[in-house]
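Residue numbers run from 1 in the order of the sequence given. Counting starts at 1 for both ligands and their atoms, following the listed order. Note that the structure is predicted; figures quoted are calculated from it, not measured.
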Amino acid sequence: MRKYLIIGNWKMNQNRSETAAFLDDFLPLYKKNEDVEVGIAPPFTSIGVCGDKLSESSIFLGAQNCHWEDSGAYTGEISAGMLKECGCSFAIIGHSERRQLFGESDEGVNKRALALLSAGLTPIVCVGETLDEREQGEAFNVVTRQLERGLAGVSPEKLSQVVVAYEPVWAIGTGKTASTAQAQEVHKLIRKVIAKLGGDSISQQTRILYGGSVNDKNAASLLRENDIDGALVGGASLDAQKFASLVGFRV
Ligand code: 13P
């Protein structure tokens with residue numbers, strides 16, 4: 001019922017020429033599969049060239065952040081409407097790097113989610129605990145709090161358009177993937193929290209992605225789990241061969 005969704009988060013990698021070269025390599029290798037949707041979130045400056053290259057494909061284009069206001073005196077910021085005009089259909093918000101390095105809060109995530117939804121874009125809302133929080137037995141509480149605050153005031157109807165990404169901070173860029181059981185357990189909790197916020201039927205439609213050292217070797221076993229509906233991929237999405245093989249996974 002839920003289609004798989006695999007998103008490449010390029011972070012601050014791939015300038016315009018590298019983006020063009022990546023897609024020239026990747027697109028011929030990419031085999032469309034009706035059960036798997038694919039998206040790429042390049043840095044802002046590469047959105048234009050990425051959109052041009054993807055125009056003939058079914059791959060979604062997205063951004064890695066956005067501001068919640070439509071326009072105004074917000075130096076350095078970009079609005080949801082501006083992203084939409086560039087052809088973006090989604091934006092990643094609340095990534096742990098934004099939270100840890102740039103001080104973003106659950107309240108900021110909430111404003112961004114509401115702005116994206118009202119512009120008709122899909123927010124990919126990232127949640128996840130640090131290693132300390134996991135060791136203190138706080139993982140469930142942290143993820144629940146991030147979701148409840150990040151999605152406050154989102155109507156059940158709009159909630160059906162939200163994608164959640166569970167990215168345990170200790171698994172990002174470390175090569176340490178959560179075990180399939182660890183990931184599934186948190187994904188199941190996330191689905192319960194969504195059900196509390198928007199009802200069972202919405203929570204059954206909500207896609208919950210796993211992120212943290214996902215690659216072409218470990219993707220299939222993670223995606224086999226009941227509540228893991230896709231992946232948010234950093235490092236392995238920068239290599240055309242690996243990303244093509246990853247999105248071509250078979251469970
Ligand atoms: P890695 O896949 O490089 O661990 O990054 C995960 C991530 O942060 C995706 O948003």
Contact atoms of ligand 1, heavy-atom distance to [X] under 4.0 Å:
X: Gly235; answer: 1 (P), 2 (O), 3 (O)
X: Asn9; answer: 9 (C), 10 (O)
X: Gly234; answer: 1 (P), 2 (O), 3 (O), 5 (O), 6 (C), 9 (C)
X: Ser213; answer: 1 (P), 2 (O), 4 (O)

Tell me the protein heavy atom at minimum distance from [atom], and give that distance in Å.
atom: atom 4 (O) of ligand 1; value: Gly173 N, 2.6 Å
atom: atom 7 (C) of ligand 1; value: Glu167 OE2, 3.1 Å
atom: atom 5 (O) of ligand 1; value: Lys11 NZ, 3.3 Å

- [ ] Using modelled atom types only, decide if a donor and an acceptor are shared between the side chain of Asp227 and the backbone of His187 within a distance under 3.5 Å.
- [x]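 No, the answer is negative, given that no donor and acceptor are paired below the 3.5 Å cut-off.
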TODO: Scan side-chain atoms only and decide if Thr130 and Asp132 contain a donor-acceptor pair under the 3.5 Å cut-off.
DONE: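 There is no such pair between these side chains.
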TODO: Ignoring hydrogens and angles, state whether a donor on the side chain of Thr177 or Ser213 is under 3.5 Å from an acceptor on the partner side chain.
DONE: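 The answer is no; no qualifying pair exists.
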Open item on the list: Ring-plane angle category for Phe243 and Phe22, please: parallel below 30°, perpendicular beyond 60°, tilted otherwise.
Closed with: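 If you compare the ring of Phe243 with that of Phe22, the planes turn out tilted.
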TODO: Answer yes or no: are there more than 12 heavy-atom neighbours, outside Lys32 itself, under 6.0 Å from its atom NZ?
DONE: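 Yes, NZ of Lys32 has more than 12 neighbouring heavy atoms, counting only those of other groups under 6.0 Å.
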Open item on the list: With a 6.0 Å cut-off (strictly less than), is the heavy-atom count around CD of Gln241, excluding the residue itself, greater than 12?
Closed with: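 Open: at most 12 neighbouring heavy atoms sit under 6.0 Å from CD of Gln241.
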